[in-house]
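Nothing here was measured: the structure is a model prediction, and the numbers come from that model. A, B, ... follow the sequence lines: proteins, then strands. Residue 1 opens every chain.
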Number of protein chains: 2
Amino acid sequence: MRAVDIIRKKRDREALSAAEIHHFVSNYTKELIPDYQASALLMAFFLNGATVDETVALTNAMMQSGATMDWSDLPGPKVDKHSTGGVGDKTSFILAPLAAAAGIYVPMISGRGLGHTGGTLDKLESIPGFNVNLSLPQFRTMLKEARCGLIGQTKDIAPADKKLYALRDVTATVESYPLISASIMSKKLAEGIDALVLDVKTGVGAFMKTLEDSKRLARTMIDIGKGMGKSVVGLITDMNQPLGNWVGNSLEIFESLETLKGRGPKDLTEVSVELAAHMLVLGKISRTLDEARQKVHELIKSGAGLEAFRKVIQMQGGNPKVVEDYKLLPAASKQFRFHSISSGFVAGIHAEKIGIAAMLMGAGRERVDSVIDHSVGLQLHKKIGDAVNAGEALCTMYYNDEGRLASALELLNSAYLISAAPVKAPPLIYEVLD
Amino acid sequence: MRAVDIIRKKRDREALSAAEIHHFVSNYTKELIPDYQASALLMAFFLNGATVDETVALTNAMMQSGATMDWSDLPGPKVDKHSTGGVGDKTSFILAPLAAAAGIYVPMISGRGLGHTGGTLDKLESIPGFNVNLSLPQFRTMLKEARCGLIGQTKDIAPADKKLYALRDVTATVESYPLISASIMSKKLAEGIDALVLDVKTGVGAFMKTLEDSKRLARTMIDIGKGMGKSVVGLITDMNQPLGNWVGNSLEIFESLETLKGRGPKDLTEVSVELAAHMLVLGKISRTLDEARQKVHELIKSGAGLEAFRKVIQMQGGNPKVVEDYKLLPAASKQFRFHSISSGFVAGIHAEKIGIAAMLMGAGRERVDSVIDHSVGLQLHKKIGDAVNAGEALCTMYYNDEGRLASALELLNSAYLISAAPVKAPPLIYEVLD
């Protein structure tokens, strides 16, 4: 089997066999196939697309390039959630403890933020002492004792993906449904889960801006998961405006804790409950979605979800007192209230611009090596559909540096749209695919 | 200008500007752009095609990556011919001296044989002493004094092409009209010629097997030449059977000398005269093709063409006596006559199989590092359309090694097709494109 013949076959639109894909990925990872052959194959995949079988084989080969986890000694369903990323997206901190409290093992491996979207690991690190860099034995202890662990990608997981992703980045082969999906799924399925709930965001603040594109990405990932024998559902959820009312690292931890206490905003609560409920159904903890929703609401009411999160924080080295005492979370030194200059109804809160504004204040990374300020961010006082009077605050910005505030304000000015006529809030969940 | 943005643009089917293509090729040649980016761009070119402007820019950038020749001090037209390669294709040794004798400067840079086609340089080297590795100043002296020089590619000419070709070979991006055409034309136009006659072979023994493909290749090369301000015509000529009656290095030099003496076979003479005549018209030595044909025939009759070749041989270090004394050319030690087992008419002489048979006897290269036996080859006694009796010789094989003869014979058996009904010879020239 020669690499050039595999490239030629893909170039000529013939479907590659699982053996051919495995040969290529495995030898590329071992550096027996050079980058210049891999980039030619990636461009052929980009331009010619891939069948479901090819995409499954690619995912499998990338997953098999590194360590895969095995929790078969743990008695119960292993289910995770993956989000394609958005602004104010903090559902992981709510649904993972809730699912764990319901009896599901949640071995969640997450990433850091880049650009306008925040990262799960960055938000967790705003909790004093919280350690996301656990070894695999430590992760196993977390799962065993807390049924949940929240850690970062290790270099043992899907090394082929890391190598291929770096190559795609410099060869203009990133934006391909099969390649994006295989990249995500190879890492998620290496977690050794039985089932996965996908939260595919759609809208101006999402990676996929249109419903059609979001559905196509969800479909590709679901097909991969099913092709690898897993139960998968995909929820297409709104990312035209930020989710919830708070954006920023410690601010989102605060809002998650409030939501686990039953005091969260309606949109964040509903999306988190829906995602958690699907995890319970896939994990066969509940028979129906309605039953699952009820169970999740009970776990919020009883405080069992909050207690599960407290346990994760404590076991991962964080200060568990933050759960009650928010003053222990890093806080910005200054506030600025951003006012509406007209009366009417909020018609748009451009999620991507809000995300970039938060990033510019220090909440996110402009480059991979940017340093994060865990304390800064913003609170939205109005969401789409809300009435607003001229002079009323649209949001409050929590900041430490006047210069950074200024560049964020410039963006905010163009992020809001006020309409004279009443506006309906967008749906929270557009579709559920399985 | 970033390489990744250029790749993305081509990937998205937008036409690249000349500046973008020049930037990419120039920096790739200087090793400032890595192979893995170049191979991604090549695959995008392969799958998305290229406009005429892009192909011209690519050719220009590859040509400008190295030395280009300038003969503006020489008083007269500079015209060359390029053939896409075939079996028994020896027109260069006939038309180059004839064109030179007519007053045209012919700075011909050729290649070596690989696979079933022979190479101009290999054939020349069958002349004892002939040196194809001239320095550029020596080449200039040839042009000045003999109006013709026959040399090999130097590393100064289009280094980008050498580097890109090696990369295409291992990334399955060879068979692309724009890339093939740019590769050929970048080297040819670096010769500093005013005009070029293209001999695009078509048929089983050619690189392009169908008339349609051959025309498409010719069209792409003509467009490039015109886009770079040169006069170009393309003749689509037959390569279903070998050209002329002899195949093999010294054997083809012998047949070329015979043709320059007016004793060549009809097909070889006609194709050589036609190509030479087009050179004379493009070089404005003759006003019409008919006038040019007549002039070429006169130069054969007068012996001026032969004399021009003798001068080239002498000046490039070869023994000029070979022109009269063929015994000075290397000769194989043994002969084998291959007979027809049936009576009828020759309906097919599969040019590619004849070429491979000659290669297996030692006349060509199976791999780049194979050693050539200049003496071996074969003589065709019958061409397509000829009547043949059972037991009559179809060809004679000139060989040195029984083992090699045996493997060649195996192929020959399937190369010939004898038909009971009369057969018409294929046309020699299918079309002339300009």
Side-chain angles (χ1 to χ4, degrees), chain A residues 1-16 20-21 23-25 27-29 31-50 54 115 160 162-180 209 213 367-368, chain B residues 1-17 20-21 23-25 27-29 31-50 54 160 162-180 209 213 367-368:
Chain A
M1 216 179 275
R2 294 191 315 157
V4 64
D5 296 326
I6 296 172
I7 301 170
R8 180 177 298 108
K9 198 171 167 188
K10 185 69 220 166
R11 176 198 85 183
D12 293 342
R13 293 186 158 73
E14 289 174 60
L16 297 181
E20 286 164 334
I21 290 175
H23 172 87
F24 201 102
V25 170
N27 283 293
Y28 176 62
T29 312
E31 303 197 334
L32 298 173
I33 289 178
D35 282 337
Y36 56 78
Q37 288 187 314
S39 63
L41 184 69
L42 288 169
M43 185 57 84
F45 263 113
F46 189 103
L47 291 171
N48 290 343
E54 284 179 308
K162 186 164 238 153
K163 213 163 134 65
L164 284 169
Y165 192 86
L167 187 61
R168 285 167 60 204
D169 198 37
V170 291
T171 56
T173 48
V174 169
E175 308 91 330
S176 147
Y177 290 92
L179 298 180
I180 292 168
K209 311 292 181 201
D213 288 349
R367 293 183 315 274
V368 178
Chain B
M1 218 179 273
R2 295 192 315 158
V4 64
D5 296 326
I6 296 172
I7 302 168
R8 179 177 299 111
K9 198 170 167 186
K10 185 70 220 165
R11 177 198 87 183
D12 291 342
R13 294 189 159 74
E14 288 175 59
L16 297 181
S17 70
E20 286 164 334
I21 290 176
H23 173 86
F24 201 102
V25 170
N27 283 294
Y28 176 62
T29 312
E31 304 196 333
L32 297 173
I33 288 178
D35 283 337
Y36 55 79
Q37 288 187 315
S39 64
L41 184 68
L42 288 169
M43 185 57 84
F45 263 112
F46 189 103
L47 291 172
N48 289 343
E54 284 179 309
K162 187 164 238 153
K163 211 163 136 64
L164 284 169
Y165 192 87
L167 187 61
R168 284 165 60 204
D169 198 37
V170 291
T171 56
T173 48
V174 170
E175 309 92 331
S176 147
Y177 290 90
L179 298 180
I180 291 168
K209 311 291 181 200
D213 288 350
R367 289 184 317 274
V368 178

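- Using a 4.5 Å cut-off between heavy atoms, A:Ile7 touches chain B through backbone and side chain atoms alike.
- Note on B:Ala44, B:Ala3, B:Pro34, B:Ser39: by heavy-atom pairs under 4.5 Å with chain A, the leading option is B:Ser39.
- Here the closest non-hydrogen pair linking A:Thr171 and B:Ala40 is CB-CB, 3.8 Å.
- Between A:Leu47 and B:Met43 the shortest heavy-atom distance is CD1-O, 4.5 Å.
- A:Leu167 touches chain B through its side chain: at least one heavy atom from C-beta onward sits under 4.5 Å away, while N, CA, C and O do not.
- Only the backbone of B:Asp169 comes within less than 4.5 Å of a heavy atom in chain A; its side chain stays farther off.
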